[in-house]
> 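Please see the structure below; I have some questions.
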Number of protein chains: 2
Amino acid sequence: MNNTTLKQIANQLGISITTVSKSLKGYSDVSEKTKNAVIELANQLNYTPNSFAVNLRTKESKTIGLIIPTLVHDFFSNVIQGILEEAEKRDYLVIILQSNEKFEFEKKQIDLLLNKRVDGILMSLSNETGEFEHLKTILSHNTPLVLFDKIAKLVNCSKVTINDRKAAYDAVSYLIKKGYKKIAHFRGSYLPQNSIDRFLGYKKALEDNNIIYDSSLVYVCDNNMDFENGYENAKKVVNEHPEIDAIFAVTDLVAVGIIKYLNEVGIAIPTQIAVLGFSNWFMSSVISPKLSTIDQPGFKIGRKSASILFDEINLKKNNLPIVFQSIELATSIIERQST
Amino acid sequence: MNNTTLKQIANQLGISITTVSKSLKGYSDVSEKTKNAVIELANQLNYTPNSFAVNLRTKESKTIGLIIPTLVHDFFSNVIQGILEEAEKRDYLVIILQSNEKFEFEKKQIDLLLNKRVDGILMSLSNETGEFEHLKTILSHNTPLVLFDKIAKLVNCSKVTINDRKAAYDAVSYLIKKGYKKIAHFRGSYLPQNSIDRFLGYKKALEDNNIIYDSSLVYVCDNNMDFENGYENAKKVVNEHPEIDAIFAVTDLVAVGIIKYLNEVGIAIPTQIAVLGFSNWFMSSVISPKLSTIDQPGFKIGRKSASILFDEINLKKNNLPIVFQSIELATSIIERQST
DNA sequence: TTGTAGGCGTTATCAT
DNA sequence: ATGATAACGCCTACAA
């Protein structure tokens, strides 16, 4: 039991709580002698400040909240690692919550964090999220908020993303340059900004290369952009459009599903159909054929988001004005065997 | 800003804080009229109790801590999901920390959680952890502790694991039954209980089947049992022991490394060398050949660990005696293409 | 039925 | 150099 309090130390030493507190916090107006006595006894009793009391006094929790769609996810795990690393540096703790891609959960998790009075919130939106009142609630509580990856463009806060549109544009341009002409796109669901942007990048790349955009070559992966989606849509596209020679997938997990299907039915990758993923999950480098993909720097996104959030928390604490940032981190094409 | 306090409500209504508090908590000794007035105003002002004050008063944080070796990890992500699900049910929040497989970090993270005064701690030990004073610190703080997966047998607390020794025994017996005779084992590092137990299961299965145990067929994966380890050790074993016909890997990630190497050098799986993994990571079902493995129920382990922890937290709160449990969850062999 | 008073443990202000 | 006092916001004996 470590329930030593300032009071106990004060009593044992026959001095006031105030003096004990000052000694421990290195105030100058305490004599060396008392200070040392206090520090020694504190160490001996293994004193640590009661964080509940400190929170109440200082009105900060030294804790931030993180809401992500799902944890079992290569990209988000990497984001979290980046966040934890930054938090650790600053002696902050991180409470992690999942929205499970549900708008209702997302709202609930926000309430939990707000009630807990975390000092700031990091979020990537769920696929269902199409309105943003709940985010404005955060801002109205005056709690710093940083959005990353799946963001709301219209909400007034800092954001960290990649340039999804450009990344997709480059990706599809790369396919075209390699000679692929009939390129299907397996897109994400309709709401998330990043799936919209990747789709727009795809479309623009086709147009800029004089390939007529054909909406029937676009398949939607609306079940969390997962493996099954890729598998099932691959089956469909092969039936409906045997003429395609490449598929650009919204994310690696979908691409892995595609590859699995193509492998099963004996369609050669990339000679018959090329597959290009997005995100560079670890798994992509160990499947056969190894997946070509776009590197999306999850760890860096996490670090940057957290670092901006902590800056804003500090600015707020010092009553300084906050200037919101919109950061876009660089991506690159990773060419492997599937293209 | 949502800084409504009991005091403000009391002032606006011209009554005492006590009465407001009682009304909101449904005490019987408040007149219907005042109670309703209070509740109405509270809703209107969007009152929520200040959790800092509640924590200080009640001495509980409604928060638990979780320390795992690493987050970017199929098994641990699944564990976390199980934990979050149980926590959510009980309105508990979860602070997640990584040890990065370092003993020093593990100690530090424990201190952080203890200082934060979490109501309980869930842990899976790092590969470096060979002494357990830091765990006893937790217990001496009277903070409930549940260990899972990588546990310390000698520490007096509840534990949730699989029966690693039996699972490995069954796994190797299965290989033998399929006709494999020269079976190498890529084991984990020397300290973690589960890597010891898997090794012992391997050895026992050989002996029970009249295969002489050959220590030179055991390779250690001491770099976090990762992909590279599997790859490098596969290279070694093929050189040093070309006669082997199967490899039993301590975990899927290692197995995936093995498969990658064997594929690269054109060794046929399973006809020349069979590969059996452990843990059933998602990835294992999508690589080629699909990996045979042992299913280790991460989600269930997380749920069970959390549920035991919450039970202990409640018992402690009610000053009831706690009986520590040691739970072993069932595993099963998943036969795919690599064996 | 309502309110007073004290305490949870820390910190900050203001006297001494 | 030291300490008394109040305050953070909530809860709960114990009056009234």
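In what follows, every chain begins at residue 1, and chains take the letters A, B, ... in the order their sequences are listed.
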> Which residues pass the salt bridge (charged side-chain N to carboxylate O under 4.0 Å, His left out) test with A/Lys62, sequence neighbours left out?
none
> What pairs with B/Ser326 under side chain to side chain donor-acceptor pair (under 3.5 Å), at least two apart in sequence or on another chain?
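Side chain to side chain donor-acceptor pair (under 3.5 Å) list for B/Ser326, sorted by chain: empty.
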> Only counting residues at least two apart or in another chain, list the ones meeting salt bridge (charged side-chain N to carboxylate O under 4.0 Å, His left out) with A/Lys108.
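A/Lys108 satisfies salt bridge (charged side-chain N to carboxylate O under 4.0 Å, His left out) with B/Glu88 once adjacent residues are dropped.
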> Suppose the criterion is ring-ring contact (aromatic ring centres under 6.0 Å, His included): which pairs have a residue in residues 3-43 of chain A, not counting sequence neighbours?
none
> Does anything in residues 76-86 of chain B pair up under side-chain hydrogen bond (donor to acceptor under 3.5 Å, both in side chains), and if so which pairs, sequence neighbours excluded?
A/Gln98-B/Gln81, B/Asp74-B/Asn78, B/Glu85-B/Arg303, B/Glu86-B/Lys89, B/Glu86-B/Arg90
> Using a 4.0 Å cut-off on protein heavy atoms (strictly under), produce a 5'-to-3' string for nucleotides 8-16 of chain D with B for base contact, S for backbone-only sugar-phosphate contact, and - for none.
BBBBBB---
> Provide the full list of ring-ring contact (aromatic ring centres under 6.0 Å, His included) pairs with a residue in residues 116-137 of chain B, sequence neighbours left out, each pair given once.
B/Phe103-B/His134
> Pairs in or reaching into residues 25-49 of chain B: which pass salt bridge (charged side-chain N to carboxylate O under 4.0 Å, His left out), with residues at least two apart or in two chains?
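Counting only pairs at least two positions apart or across chains, the salt bridge (charged side-chain N to carboxylate O under 4.0 Å, His left out) contacts touching residues 25-49 of chain B are B/Lys22-B/Asp29.
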> Going 5' to 3' on DNA chain C, which nucleotide is the first and which the last to come under 4.0 Å of a heavy atom in chain B?
C/dT1 to C/dG9
> Quick one: which residue pairs count as a salt bridge (charged side-chain N to carboxylate O under 4.0 Å, His left out) with a foot in residues 94-106 of chain A, not counting sequence neighbours?
A/Glu101-A/Lys150, A/Lys102-A/Glu128, A/Glu104-A/Lys107
> Which residues satisfy the salt bridge (charged side-chain N to carboxylate O under 4.0 Å, His left out) test with B/Lys159, sequence neighbours excluded?
none
> Under 3.5 Å, side chain of A/Thr70 to main-chain N/O of A/Asn100, donor-acceptor pair present?
no
> Please check the phosphate of D/dG3 (OP1 and OP2 only) for any side-chain N or O of A/Thr19 closer than 4.0 Å.
yes
> Using rotation axes that map the C1' atoms of four end pairs onto the next four (five pairs an end), what angle separates the end axes of the helix from C/dT1-D/dA16 to C/dT16-D/dA1, to 10°?
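That helix has its two terminal axes inclined by roughly 50°.
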